[in-house]
Amino acid sequence: MKKFKIITLPGDGIGPEITSSAVKILNAISDLNDLEFEIIEKYVGGISIDKYGIPLTEETLSECLDADSVFLGAVGGPKWDNVEHSKKPEQALLKLRKSLNLFSNLRPATIFKPLIDSSSLKSNIIENTDIMIVRELTGGIYFGEPRGFDKDRAWNTLVYNRSEVERIARVSFELAQNRTGRLVSVHKSNVLESSQFWQDIVHGVHKDYKDVELSDMYVDNAAMQIIQNPKQFDVIVTQNLFGDILSDISAMITGSLGMLPSASIGEKHSLYEPVHGSAPDLAGRNLANPIAAILSIAMMLGITFKEQKISSDIYKAVNDTLEEGMGTVDIIEDDKRALSTIDFTDKIINKYRSIVEN
Ligand code: IPM
Ligand code: MG
């Protein structure tokens with residue numbers, strides 16, 4: 001029997017509720033397959049600030065370093081808005097990404113057919129959209145030095161070195177090879193030296209992946225094209241900040257931010273989390289959409305644990321449940337018919353059971 005140790009970091013806001021959904025699906029997976037999970041829960045973000053005065057303790061970090069994978073709910077909320085910058089809940093996430101060396105962040109934006117009308121975009125524009133955004137996650141302006149502020153000025157540095165760009169390019173070309181073979185490198189090389197550098201390196205790496213069709217796009221144009229004609233994209237690779245922005249834009253194609261999972265992968269470690277935030281207005285109300293969390297577990301199974309069949313069964317369970325017209329308030333038009341987080345999670349899990357058992 002394969003055994004994996006998973007750290008869960010529920011965090012703040014709706015984090016704990018959707019993490020419960022993630023743990024439930026993990027338990028169902030291990031019931032129905034020859035897999036065992038040891039699940040250990042730790043504090044992160046605002047709740048860790050409240051308990052220990054810092055958003056990520058050394059102990060939690062070392063547990064994550066020792067685990068086979070990590071699931072994170074969400075961090076942050078208005079309660080910690082006035083905390084000094086370097087101690088904000090979000091710093092936990094950044095420190096985890098850096099310490100676990102999670103340099104590639106995969107953010108798929110896939111349309112589930114039953115939800116095609118919940119997007120603010122027209123259905124003929126978005127149908128069959130399937131974009132994979134590869135966001136560089138441990139470099140760029142998020143981490144560049146020098147950074148700081150004084151009374152009259154504040155500054156950040158956008159820096160990339162060759163090996164950082166090369167490795168994220170390789171991840172992206174390999175992904176494109178396993179999809180439809182198209183990669184768009186998004187940057188701003190008409191203005192930024194660091195983007196010209198990025199563009200040139202990606203073209204250099206392309207020589208090893210000649211079967212992939214590579215094109216370049218400026219980030220402002222990419223933001224527009226994703227809305228105008230999302231179907232043209234397969235894999236998009238871009239730097240940290242542009243990926244942050246473009247992944248929220250592409251999320252809206254799918255109708256709700258509550259749908260999107262993400263994987264952050266390094267050479268040794270991995271962390272899976274919903275793209276959505278802590279949604280303080282929904283917190284504690286049993287209203288949050290558990291799909292992003294459940295699909296994040298599906299990604300964990302497929303990518304880190306190499307259990308492709310389990311992963312695709314979970315996707316199917318989510319799709320079939322949606323097809324039956326079920327969902328949480330964010331995706332169901334008639335609020336009265338919307339299910340709670342817990343009930344919708346149970347429906348998806350029952351569906352998963354019936355898929356495996358039949
Ligand atoms: C994301 C979030 C984070 C980011 C924040 C919470 C630090 O927006 O994962 O997209 O900017 O990377
Ligand atoms: Mg973001």
Side-chain angles (χ1 to χ4, degrees), residues 9-16 18-19 22 43-49 54-56 61 64 70-81 83-109 131-144 147 156-158 160 164 168 186 219 222-223 226 236-254 256-266 269-283 288 292-293 295-296 299-300:
L9 305 170
D12 310 314
I14 58 171
I18 54 103
T19 302
Y43 292 118
V44 75
I47 189 164
S48 173
I49 297 178
I54 47 172
L56 179 70
L61 177 58
C64 293
V70 178
F71 176 88
L72 186 140
V75 293
K79 184 174 174 196
W80 304 279
D81 275 354
V83 174
E84 160 197 340
H85 188 80
S86 65
K87 294 208 183 92
K88 282 199 187 294
E90 288 79 1
Q91 292 300 319
L93 201 50
L94 300 177
K95 185 162 181 195
L96 275 167
R97 289 172 181 171
K98 197 71 177 173
S99 309
L100 301 178
N101 194 22
L102 307 172
F103 61 86
S104 60
N105 181 221
L106 313 184
R107 297 191 163 182
I131 304 177
M132 176 66 86
I133 296 193
V134 182
R135 168 185 176 191
E136 199 291 328
L137 201 61
T138 51
I141 201 159
Y142 272 61
F143 294 97
R147 63 190 301 157
N156 292 92
T157 304
L158 169 41
Y160 270 108
E164 285 176 315
I168 196 72
V186 170
V219 62
I226 288 173
I236 293 175
V237 61
T238 191
Q239 60 162 286
N240 206 340
L241 180 62
F242 296 164
D244 179 45
I245 298 165
L246 294 183
S247 60
D248 271 27
I249 296 179
S250 59
M252 283 328 290
I253 299 171
T254 67
S256 169
L257 202 50
M259 305 290 299
L260 293 195
S262 79
S264 303
I265 321 269
H269 305 285
S270 62
L271 179 150
Y272 294 82
E273 62 175 314
V275 170
H276 65 67
S278 61
D281 52 321
L282 293 183
L295 293 181
S296 295
M299 289 188 92
M300 180 189 286

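Quantities reported herein were computed from a predicted structural model and do not represent experimental measurements. Both ligands and their constituent atoms are indexed starting at 1 by order of listing.
Residue-to-ligand polar distances place Asp244 within reach of ligand 1: an N/O pair is separated by less than 3.5 Å. An N or O contact shorter than 3.5 Å links Tyr142 to ligand 1 by distance.
Short contacts between ligand 1 and Arg97, defined as distances under 4.0 Å to a heavy atom of the residue, involve ligand atoms 1 (C), 4 (C), 9 (O), 12 (O). Every atom of ligand 1 with a heavy atom of Arg135 under 4.0 Å away is listed here by number and element: 1 (C), 4 (C), 9 (O), 10 (O), 11 (O), 12 (O).
Around OH of Tyr43, the count of heavy atoms belonging to other residues, nucleotides or ligands within 6.0 Å does not exceed 12.
In Lys88, neither the side chain nor the backbone holds a heavy atom less than 4.0 Å from any atom of ligand 1.
Considering only non-hydrogen protein atoms, atom 1 (C) of ligand 1 sits nearest to Arg107 NH2, 3.3 Å. Nearest protein heavy-atom neighbour of atom 6 (C) of ligand 1: Glu90 CG, 3.7 Å.
Nearest N, O or S atom of Asp244 to the Mg ion (ligand 2): atom OD1.
Side-chain atoms of Asn105 do not come within 3.5 Å of backbone N or O of Val134 as any donor-acceptor pair. A distance-only check finds no donor-acceptor pair linking the side chain of Lys87 to the backbone of Ile54 [under 3.5 Å]. Of the possible polar contacts, none joining the Ser99 side chain to the Leu96 backbone as a donor-acceptor pair under 3.5 Å is found.
Side-chain atoms of Leu56 and Gln91, non-hydrogen and from C-beta on, never get closer than 4.5 Å to each other.
The side chain to side chain contact (heavy atoms under 4.5 Å, CB included) check on Asn156 picks up Ile141, Arg147, with sequence neighbours excluded.
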